[in-house]
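Take a look at the structure set out below.
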Amino acid sequence: MTRRRMRTAHRLGTGQGRISLATTSAATVDAERNIDWIAVELAVNGELPARLTRPEQIETARLLTGRGMGPTDVGLYLGITKGTIAAWRDKGWKVRPVGRPAKAVR
């Protein structure tokens, strides 16, 4: 007999209410970091847009883990491994500005 692990299901945007994101300006896009805050707000409330940029994925993951979702569930939701979510968390949810290359692997 195979043992199956039970998973806790999360319906995003419920339980603790919708998450609203406020910007400090009239702009809803942070061009320097390549983040559309409306896309992030939709994503954290269970209305995942067709495609998020990497910085938008990082912000969404940060907000969802802050609301109590674990890396496995956030990863499943975003289509990213739990290890990637954990690495982002461990690095302080840093988002690299647009145009700044990643460090070369040696």
Interatomic distance, CD1@I35 vs OG1@T28, rounded to 0.5 Å, equals 12.0 Å
Result block: side-chain N/O donor-acceptor pairs under 3.5 angstrom for residues 50-57, not counting sequence neighbours:
from : atom 1 : to  : atom 2 : distance (Å)
T53  : OG1    : N34 : O      : 2.9
T53  : OG1    : E56 : N      : 3.2
T53  : OG1    : E56 : OE1    : 3.4
E56  : OE1    : T53 : N      : 2.8
E56  : OE2    : D36 : N      : 2.8

Any side-chain heavy atom of E41 within less than 4.5 Å of one from N45? yes
Test item: V40 and L63 side chains (from C-beta on) under 4.5 Å apart, heavy atoms: yes
Please tell me if the side chains of L78 and L48 come closer than 4.5 Å, counting only heavy atoms from C-beta onward. yes
Could you list the donor-acceptor pairs under 3.5 angstrom formed between side-chain atoms of residues 84-93 and any protein atom two or more places apart in sequence or on another chain?
from : atom 1 : to  : atom 2 : distance (Å)
T84  : OG1    : T81 : OG1    : 2.9

Would you give the length of the straight line joining atom NZ of K94 to atom CD1 of I58, rounded to the nearest 0.5 angstrom? 11.0 Å
Distance (rounded to the nearest 0.5 Å) between T72 OG1 and K82 NZ: 4.5 Å
Is the backbone of V44 close enough, under 3.5 Å, to the side chain of Y77 for a donor and an acceptor to pair up by distance? no
